[in-house]
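This structure is a prediction, so every number in the text was calculated from the model and none was measured. Starting from 1, each residue takes its place in the sequence as its number.
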Amino acid sequence: MVDMSAAGRRMKPIAAAVALLVMGAALPAQAQQAAVKEEVVVVTGIRASLQQSLNQKKIADSLVEVVTAEDVGKMPDKNVADSLARVPGVTTTSAGSAEGSFGENEHVQLRGLSSQLTLTTLNGHTVSSGDWYGPNISSGGRSVSYTVLPSDLVGRIVVHKSAQADLIEGGAAGTVDIQTRKPLEFKQNLTTSLSAEAAYSTAAKSTDPAVTALLNWKNADNTFGVLAQLFSQTRKLQRAGSEGVWWDKTGANYADPALAGKNISLLSGAVLFEQERKRQGGYIEAQWKPVGNVTLDLSGFRSTVDAKNYNTNYMASTINAATGPGGNGNSVKPSGPATVSGNTITSVFYDKNAFGANSSGAYSVIEDVAARPDAKTDSTFVNFDAKWVVDQDLTVSGKLGHTSGSGRTKDVGFEVQSGWNQGAGYSLTPDGIFVLNVPGGDKFVRAGGGIGGWGSYTESSDKESYGQADGELKLSFDKVPSIKFGLRYAKHQRELTKLAMTLGAGSGDDAQIPDSAVGNYGSNWYGKLPVNPTPGFSPFKISNDYVASWVAKYATFDSHAPQQEYNIKENAAAAYLMATLQPSDAVSGNVGVRVVRTEMDIRAFLPGGKPNYEQSFQDFLPSLNLRADLAPGLVGRFALNRGMSRPDFGQLAGNDLSDLQHTGVGSNPFLKPIRSNNVDATLEWYFAPKAMLSAGLFASKLKGVIAYGHSVLPYADAAKQGAIANYDISAPLNTDGTLTGFNGAYEQSIWGGFGVSANYTYADGKQTGKLADGTCNGKAGEDCSLYGTSKNSYNVGAFYEDERFSARVGYSHRSTYKLGNRGGSDYFQSANGSLNVSLNYTFNKSVQFTLEAQNLNDPLLTVFKTDTTQIAGVYKNGKTVYGGVRIKY
């Protein structure tokens with residue numbers, strides 16, 4: 001209990017601060033939010049939100065961007081990451097290493113650097129989360145998955161583009177702090193809000209419900225309040241795709257000498273991804289002021305995302321034509337001329353007579369249904385904050401909490417082969433779409449190939465317990481008005497469990513598939529993209545329900561895959577000292593240093609069979625932020641700092657292997673943190689109310705940035721009962737890099753309720769350290785761009801608002817960027833953009849009707865290898881329209 005007696009009040013300020021630090025965060029506070037000066041936020045409408053965001057940006061001592069909710073429970077977008085995508089210098093991703101987009105933004109990137117270099121916090125503390133997709137679970141990323149965070153929770157988002165000493169370390173590129181509303185900041189003693197809407201997906205052709213409810217109560221004297229929020233949101237997704245599943249080279253003795261040594265797609269797929277996501281959970285917070293100078297805050301959050309999904313891949317197979325029936329090495333010639341672009345076969349067909357009299361062992365179609373009926377991810381935290389204003393000179397505060405997140409999925413491949421029938425082939429369109437040529441392939445032919453099966457159960461657990469104590473002491477020195485100081489300690493653990501699948505007797509008999517389980521892809525399932533030269537052709541499809549029943553009947557998961565599992569414990573201790581600066585009336589800022597020690601205990605399948613590895617490292621992170629009023633409305637900023645990000649857990653341990661292609665991504669327990677020396681210079685001109693024009697330069701020197709080396713290593717092949725096989729592996733390595741860039745932004749509420757906004761960012765990220773066995777190697781044709789860096793990104797938007805009606809339209813775009821590395825090859829995401837629209841009609845002060853549309857342009861999203869003729873995938877996710885009502889009292 002805090003001593004508020006006369007003797008307690010006479011305690012010397014420094015002694016009081018030291019006592020609290022020793023107590024180890026018994027009375028925490030929100031030190032991180034001090035980067036933006038605190039004030040009660042009451043905004044409604046687009047223009048009020050714009051004004052509040054610009055005001056907070058203008059007065060901040062460091063370089064920040066602020067997104068403020070338009071009203072209680074009303075962010076400008078459906079997903080927090082969507083709102084961030086409109087911020088200058090921020091881009092988003094909806095995919096992992098090479099699988100393409102899944103239709104919803106999931107991770108955030110700052111300054112054109114990969115998402116692992118951006119730290120996301122909520123109310124200044126860390127948040128654990130997981131993933132629902134197997135490869136992403138295995139990769140063990142540190143980036144928060146935004147799928148667990150509904151935008152209705154948010155009061156504002158502060159993007160820290162420049163570091164300062166009182167921010168938690170981990171964001172070498174920057175930090176995103178998502179801030180909820182506080183119970184005592186509400187204007188009314190009782191506030192309720194209910195949002196009910198329906199989401200219609202043009203691809204899935206499904207309408208699904210979403211409900212969010214908020215209740216905030218506080219007492220009459222504004223000393224105690226409780227906020228409670230519940231959400232339940234369902235959304236069905238469907239993604240049409242075209243994939244080059246297995247690229248290989250024809251042999252030197254290929255049957256057609258003109259095609260020898262060329263790249264050929266052995267499996268060319270028409271892909272149908274179907275998913276139902278259901279996000280449920282709630283947030284609760286209680287705020288109490290037992291006395292006027294003490295504030296206590298307890299909050300809790302729980303979000304679960306059920307994400308069951310099925311991915312049907314109908315593949316034209318040229319495996320046997322290239323390698324001989326049964327892989328006997330006797331390739332056959334195409335039926336008619338093939339076309340070649342560069343070193344890649346872009347069109348080829350083998351008819352039913354390609355093998356002569358006997359095509360036994362050859363199959364024209366292989367269909368995989370990847371069933372993940374129980375995919376799920378979740379996030380939970382409990383956090384306690386406190387703040388004690390000891391006297392007019394000293395404030396002490398801290399934070400104590402625990403957060404956990406997990407992801408899990410059974411990932412089972414149900415595979416059938418259809419008889420050679422009429423032949424098989426493909427051709428590539430200029431857009432990189434595989435036009436499948438499989439005559440008769442709309443029928444499933446039971447040819448004795450049986451049912452193949454592969455699969456595993458993957459589960460990750462991520463948890464952190466943390467405590468911090470902070471103090472702020474006002475000084476009598478005008479040039480340095482105050483100092484801040486603090487300690488933080490966190491215990492983090494990430495664990496990955498991987499269980500191999502065993503199939504029971506009788507699972508492989510394709511005669512058991514009933515005719516009722518064999519259908520076809522839906523009409524026009526692929527939008528306006530070509531599928532087959534035959535008009536009206538629709539590939540056959542084994543139903544999801546039947547596959548799920550097959551999995552339930554035959555599949556068990558009871559044997560560990562030790563070469564892919566890991567358990568990593570990480571302890572981090574940090575201390576900081578930061579001084580605020582006021583060298584003149586026109587100049588302010590802060591200068592400080594944060595010192596961090598990290599200790600890791602890695603237990604995994606490591607190179608050489610070593611069972612575990614321990615390492616520790618120290619970081620000295622200085623920072624300087626200066627702000628100057630150069631003229632009325634003109635603000636100049638300069639920032640110089642060092643940041644750090646720790647390697648992803650899956651980069652330190654574990655392996656993500658593909659048994660079909662014998663490729664994968666390995667790990668490296670000897671990785672060091674990525675460190676960045678950053679400099680920023682910006683001019684901001686606030687030339688009118690609700691208006692700003694800005695321009696800035698930034699540069700980073702990166703030490704330890706992640707690149708991938710290439711090697712061939714032996715691993716156990718789970719698809720062949722653990723037989724050892726050579727895998728083409730790419731493994732992460734530390735190297736050096738640079739990033740330079742420019743960003744400009746313009747926002748203005750013009751006249752008559754109209755307003756416009758636009759921003760542009762140029763980022764040039766390069767790997768400067770050459771790796772002889774990597775893709776940046778000093779040879780001709782090398783690629784030295786940094787992972788995640790789009791050279792060009794921009795946003796344009798406009799809005800209109802009057803007393804009853806408001807409308808907003810926005811378009812976000814980013815250029816091609818390097819997505820990831822697998823099997824020693826880089827994969828790239830094509831340039832893409834999204835057009836979103838929001839309409840609102842206010843019926844009265846309590847009722848508002850809403851209509852929103854996302855991804856109206858429905859672009860093609862293409863993933864390709866370094867050689868652009870080798871297409872990994874082309875995808876379309878469709879549009880989503882939301883309509884509903886918001887009731888506020």
Side-chain angles (χ1 to χ4, degrees), residues 99 102 130-138 236-239 245 267 269 271-278 304-315 365-377 406-418 444 446 449-460 496-521 539-561 564-565 656-660 717-722:
E99 76 270 13
F102 284 118
D131 285 286
W132 54 264
Y133 182 62
N136 289 348
I137 296 173
S138 298
K236 290 187 177 67
L237 305 173
Q238 180 173 295
R239 182 188 74 178
V245 180
L267 289 175
V271 187
L272 179 61
F273 175 81
E274 300 164 285
Q275 183 176 48
E276 180 178 353
R277 294 185 186 180
K278 188 169 186 178
T304 63
V305 179
D306 292 309
K308 69 176 180 179
N309 61 94
Y310 298 86
N311 191 68
T312 303
N313 201 340
Y314 172 97
M315 297 173 285
V365 174
I366 298 176
E367 180 174 292
D368 271 341
V369 182
R372 308 171 188 113
D374 59 354
K376 187 174 185 178
T377 184
S406 69
R408 65 193 70 94
T409 186
K410 290 176 183 173
D411 194 351
V412 178
F414 172 96
E415 183 179 282
V416 294
Q417 302 180 96
S418 185
F444 172 51
R446 296 175 179 80
I451 302 172
W454 48 266
S456 62
Y457 173 79
T458 306
E459 180 175 2
S460 70
L496 182 78
T497 300
K498 191 93 168 185
L499 301 176
M501 182 183 74
T502 302
L503 290 174
S507 63
D509 185 4
D510 61 11
Q512 69 182 290
I513 303 174
D515 290 342
S516 60
V518 182
N520 296 89
Y521 282 28
F540 74 80
K541 182 183 185 303
I542 308 298
S543 75
N544 296 338
D545 289 342
Y546 175 75
V547 174
S549 69
W550 179 86
V551 172
K553 182 176 181 180
Y554 294 110
T556 57
F557 304 86
D558 50 15
S559 60
H560 286 267
Q564 300 185 53
E565 295 182 321
D656 179 18
L657 305 175
S658 174
D659 294 320
L660 176 64
D717 187 339
K720 296 182 179 178
Q721 290 73 50

When you compare the side chain of Thr502 with that of Tyr554, does any pair of heavy atoms fall below 4.5 Å? no

- Query: Does any non-hydrogen side-chain atom of Ile451 lie less than 4.5 Å from one of Asp509?
  - Reply: no

Output for pair (Thr458 OG1, Asn136 CG), nearest 0.5 Å, gives 11.0 Å

**Asked** Does Val305 offer a backbone N or O that forms a donor-acceptor pair with the side chain of Trp132 under 3.5 Å?
**Response** no

query: Are any side-chain N or O atoms of Ser138 and backbone N or O atoms of Pro135, one a donor and one an acceptor, separated by less than 3.5 Å?
result: no

Hey, does Asn544 have a side-chain heavy atom less than 4.5 Å from the side chain of Thr312?
yes

* Any Tyr310 side-chain heavy atom under 4.5 Å of Pro373 side chain -> yes

>> So Lys498 and Ser456, do their side chains get closer than 4.5 Å, heavy atoms only?
In response: yes

Between the CD atom in Glu565 and the CG atom in Leu499, the distance rounded to the nearest 0.5 Å is 6.5 Å

Rounded to the nearest 0.5 Å, the NE2 atom of His560 sits from the OH atom of Tyr457 at a distance of 11.0 Å

### Contact check, side chains of Arg372 and Asp411, non-hydrogen atoms, under 4.5 Å
yes

Tightest non-hydrogen contact, residues Thr409 and Ala375, listed as OG1-CB, 3.6 Å

Are Arg277 and Leu237 close enough, and set up right, to give a side-chain contact (heavy atoms from CB on, under 4.5 Å), and what steps lead you there?
CA-CA 8 Å; Arg277 294 185 186 180; Leu237 305 173; 3.4 Å; yes

Discussion item. With a 4.5 Å cut-off on side-chain heavy atoms, are Phe414 and Val551 touching?
Written reply: no

d(Asp131 CG, Arg408 CZ) to nearest 0.5 Å is 12.0 Å

- Can you check side-chain contact (heavy atoms from CB on, under 4.5 Å) on Val365 and Gln417, steps first, answer last? CA-CA 6 Å; Val365 174; Gln417 302 180 96; over 6 Å; no

Q) Counting only N and O atoms by type, is there a donor-acceptor contact under 3.5 Å from the side chain of Thr377 to the main-chain atoms of Gly130? A) yes

Closest non-hydrogen contact found for Trp454 with Ala370 is CH2-CB, 4.2 Å

Rounded to the nearest 0.5 Å, the CD atom of Gln512 sits from the OG atom of Ser507 at a distance of 7.5 Å

Q.
Check this for me: Lys308, atom NZ, are more than 12 non-hydrogen atoms of other residues, nucleotides or ligands nearer than 6.0 Å?
A. no

Quiz item: Do Val518 and Ile513 pass the side-chain contact (heavy atoms from CB on, under 4.5 Å) test, and can you show the C-alpha distance, the side-chain angles, and the key distance before you say yes or no?
Solution: CA-CA 8 Å; Val518 182; Ile513 303 174; 4.0 Å; yes

In this structure, CG of Asn313 is separated from CG of Leu272 (nearest 0.5 Å) by 10.0 Å

Original post:
Does the side chain of Val412 reach to within under 4.5 Å of the side chain of Phe557, using non-hydrogen atoms?
Top reply: yes

Heavy-atom nearest pair, Ile137 first then Glu459, reads CG2-C, 4.3 Å

Exercise for the section: Classify the side-chain pair Asn309/Glu274 by whether it contains a donor and acceptor separated by less than 3.5 Å. Expected result: no

Under the 3.5 angstrom rule, does the side chain of Glu367 hit a backbone N or O of Ile542 as a donor-acceptor pair? yes

For this session: Inspect the contact between Lys278 and Asp306 and indicate whether a charged nitrogen and a carboxylate oxygen are less than 4.0 angstrom apart.
Result: no

